[in-house]
Amino acid sequence: MIEELRSRFGEALLSAEQVGRELRVSVAAAALPEVAAFAKEHGFHYPADITAWDAGDELRVVYRLVDLASGEHLVITVPAPRSGARLPSLVPIFGGADWPEREIYDLFGVRFDGHPDLRRILLTDDWEGHPLLK
Amino acid sequence: MTRTNLFVDVVLSALSIVKGLMVTLTNALRPRVTRNHPFQKTPIPEVWRGRLVHLRGEDGRLRCTACLACQKACPSHAIPTIQGDDKKGKEKRAQVYVWDASRCLFCGLCVEACPFDAIRLTREYSIVGEDRADLIFDLNRLLGPAEGETA
Amino acid sequence: MNASLYNTIGQWWYVHGLPPWIFEAAWMVAMAALVTVFVLLSVLVLVWLERKISADLQSRVGPNRVGGRFGPLQTAADALKLLLKEDIFPAGADRVVFWLAPFVVFVPSLMVFMVLPFGERLAVNDLNLGVLFVVAVSAFPVIGLIMAGWGSNNKYAVLGAMRAAAQSLSYEVPLVLAMVCVVVFAGSLRVGDIVAAQREGGWFILRFPLQLAFLLYFITAMAEVNRVPFDLPEAESELVAGYHVEYSGMRFAFFFLAEFAHLFFVSAFCATLFLGAWQGPWLPPAVWFLLKSYAIVILIMWIRWTVPRLRIDQVMGFSWKLLVPLGLAAVVLTGIVKVW
Amino acid sequence: MTTGLTPTEHITLNMGPQHPSTHGVLRLELELEGEVIVACRPIIGYLHRGIEKMAEARTYPQVLPYTDRLDYLSSSSNNMAYVQAVEKLLGLEVPERAKYLRVISLELNRIASHLVFLATFANDLGATTVFLYGMRERELIMDLFSMWAGARLTQSWIRIGGVGADIPDGFVDQALAFCRLMPKRLDEYDRILTGNRIFRARTEGVGILPPELGVNYGASGPTLRGSGVEFDVRRAEPYEVYGDLDFEVVTRPTCDCMGRYLVRMQEMRQSVRILEQCLKRLPEGEVRAKVPRVIRPPEGEAYGRVESPRGEFACYVVSDGSPRPARVRFRAPSFYHLSVLPRMLQGWKVGDAVAILGSIDIVLGEVDR
């Protein structure tokens, strides 16, 4: 899987390692939709979790896709700048990305291009700032 | 529900409802499970995590030495102030100890953190007050029974 | 006893040369007052009964504080509370319609009691078109429900009112068909005659095709009084409270009164049409009548606290696809048996 | 509009945030044509308490009591997910007895939660009596919890390194008595509700969730298993002692409300089975591993996955080596289930909305966090 990813995405694949049943890869934002689509083709149908965290110097958006048949996890980490970040939306590939992306937008301020309805979800519409930024 | 078995369906439906009626009837004949609170109190187990109390040792003095372990353990800052006396030579004892019941999560982490078994959560679950100030307990209101007395 | 009282006073009146129509009118007014008081009291009892029955079926105790161990005065206390509550008109409500609706619902619910035979001659006015009168008047409250729903300026209320109207219209048909069976059998629309017809050949529920009519009547009656599984207009888990969602205090109490009065009425009328009304051995007629009525009430409550609720289209389908054909069949069957 | 008929006007009905059937403070904006739902927009956030933010300012043990408040109907699962993630970071091995006790706690909580589901679902459909029956049986579980943990709902009794305390005397007997009673009561529910024709009419074929759609939207737990997908974290990634236990993963192929309902009803029986096994096999020994006073996990991240009564409840913890977590994220199943809800509601009636919403069994505490 790692080899396949590397040959397919080359430069865009920033890092990759296998930790137990988790395959942790880090990809550049531009390649995210292709990687996700590629993963889906390879059985990772289930978007277990999509979240982000503030690593201090940058944001990391973490996509966890699970293959329900084999139980393998694919963890895709996408680095993003702490302010004004824009990422491609995964909603066309995974419906389950809809609300988590809204949540990340709400709490971290990451904008998702191509998201059908990018509004605040947990906080009120007139909230200023993005609370989970440190 | 196709046309052919309409009759069967109606009969079965009626039967299913009669079955349900029988269940409610048998339940009506069982003893009641509700208790007549407040005249009839529900027994509260010993380990219940209710109101915080301070325990006293055999000498009747507080066990708390104001070591701040509970304050550090508290996740919700429900124990905002603790002060001990500064007498040299003798063991330190708590002078000021505040517990804010309105912030408390009743998780028991403070009790676990206490190295002297000086505090405990009791079976008292009804902690009410007329305003917020009533829910802030100082040391006088936190005193539990001394060793040997029943809780 | 009642008949003799009527005769004694009537004779006295006649002997003293007073115009008989005044006596007739006064008698009717007195009976009406009596019935009104009776209805209000029995609603108190019914509400208490409903709460006790539901508690029993649910392993609970139910009212047990006000007025002794079994809480008999609980409803009275609740009624008092409702009386003392503030009278609220929601902003944006159509004040006239909103104000009027509870009465439009309540008055017809009370009016139908006019023909109930609590005993021989113990009816306010035994109209010779009694059954027709009942059908006509008991269809009236639904106008009040629509008024309430519309006047509240609340979407839930409107939905509730629409459901009430649709349901009432669809269930009126099988209800009337069930009554027609009885009328055909008795050969009269007068309630007194129907009761008399049951004296000779036994209760109508025991005569061949009328069991079907009884079943129809019972089911439609449950729908008429909006009880689960037909409580769509109120459906508290969907429409919160349906048409009376904006009502509080005494106005709400009127809806409540009307609902329980209607519940008692359909049960009592069921007893009248099928269970021989006040007839029965040993006990006084009025007691028999109440016993039978309450038996039906309890049965309705028991069902209400057991089954889930249908959906609106299922409710309508049930009526038009099953009950109405069944009703027509029952009428035809009754006709055949009668002519035979 | 040349037909001369008046065009039907859509009305927008605001269901919630205060509505008896939204199970908390969910708001649904329903667009209706008559009684038929044309569109639905769930609006959440009324119960947002910022628990994930609060966690950043608290030490590892201090976060634990807050997890109780996520899915407040099954606080054990929340505790478990968080504790599992932290233990993975620490590389901590938990004593055997503690593992069994955790499973007992989790399964008791699962039954309790499903009973609340049964109760509220029945109530949503108008069967008020079943509501009280469900609550009545749940009370037995609450009694068990209060004698063990000293709390009914917010137990926080699954602690980092084990459980809060050993079970008291008499607990096993009382729990076994409950296990004997429960199947009988489940039969009773089946008689009054499952077999009831009206109930079946309300649930069969209503609120279809196709399996592909469910997986694509991240649905899990009974909601997904009601669509025939055999996915259960207890089986897929066994934690604690689930690998050694004998139980079935219940699925239904019908994809409707009835399917989801039946899965939960069957799961309660399976939970009873698991409980009986655990109570009988319960080994002796410690209930808590040695944990340092100040927990400082090494840098890294961990993902704790638990099958909560609602589905896959997971906790993603990122440690930067300090005593406070850099990020704690809770993956709440209800959050994902709610996001498919608009797709499931379309074309159904207002009454069905209540049934469908009830059948996915959401808890707003974990949705809003």
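Heavy-atom basis, side chains included; hydrogens, waters and symmetry copies ignored. Every chain is numbered from 1 and lettered A, B, ... according to where its sequence line falls, protein lines coming before strand lines. From a predicted model like this one, the values you see are computed outputs, not experimental measurements.
With a 4.5 angstrom heavy-atom cutoff, B:T42 does not touch chain D via any of its atoms. Residue contact with chain B, scored on non-hydrogen atoms closer than 4.5 Å, is absent for D:F199. Heavy atoms closer than 4.5 Å to chain B are found nowhere in D:L64, neither backbone nor side chain. Within the 4.5 angstrom heavy-atom criterion, atoms from both the backbone and the side chain of B:P75 approach chain D. Only the backbone of D:W148 has a heavy atom closer than 4.5 Å to any heavy atom of chain B. Proximity to chain D involves both the backbone and the side chain of B:A113, based on heavy atoms less than 4.5 angstrom apart.
Applying the 6.0 Å contact sphere to CD of B:E130 captures no more than 12 heavy atoms from other residues, nucleotides or ligands. In B:R132, the CZ atom is not crowded: 12 or fewer heavy atoms of neighbouring residues, nucleotides or ligands sit closer than 6.0 Å.
Rounded to the nearest 0.5 Å, atoms CG (D:L70) and CZ (D:R49) are 6.5 Å apart.
The two atoms that bring D:R324 and D:Y60 nearest to each other are C-CE1, 3.9 Å, heavy atoms only.
Counting heavy-atom pairs closer than 4.5 Å to chain B, the top-ranked of the candidates D:P168, D:G195, D:A149, D:S156 is D:A149. Contacts with chain B were tallied for D:A57, D:S146, D:G150; D:G150 has the most, counting heavy-atom pairs under 4.5 Å.
Between D:R269 and D:D187 there is a salt bridge, with a side-chain nitrogen of the basic residue lying less than 4.0 Å from a carboxylate oxygen of the acidic one. Using a 4.0 Å cut-off between charged side-chain N and carboxylate O, D:E139 and B:R35 make no salt bridge.
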Subject >> Test log, rule side-chain hydrogen bond (donor to acceptor under 3.5 Å, both in side chains), inputs D:E188 and B:N27 >> reply: CA-CA 10 Å; D:E188 212 164 80; B:N27 275 291; 3.1 Å; yes
**OP:** Given salt bridge (Lys or Arg N to Asp or Glu O under 4.0 Å), test D:K184 with D:E137 step by step and report yes or no.
**Re:** CA-CA 11 Å; D:K184 285 181 209 146; D:E137 265 71 83; over 6 Å; no
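Proximity to chain B among residues 71-85 of chain D is not found for any residue, judged by heavy-atom separations below 4.5 angstrom.
Screening residues 53-69 of chain D for salt bridge (Lys or Arg N to Asp or Glu O under 4.0 Å), with sequence neighbours left out, gives D:K53-D:E56.
Judged by the 6.0 Å and 45° rule, D:R264 forms a cation-pi pair with D:F117.
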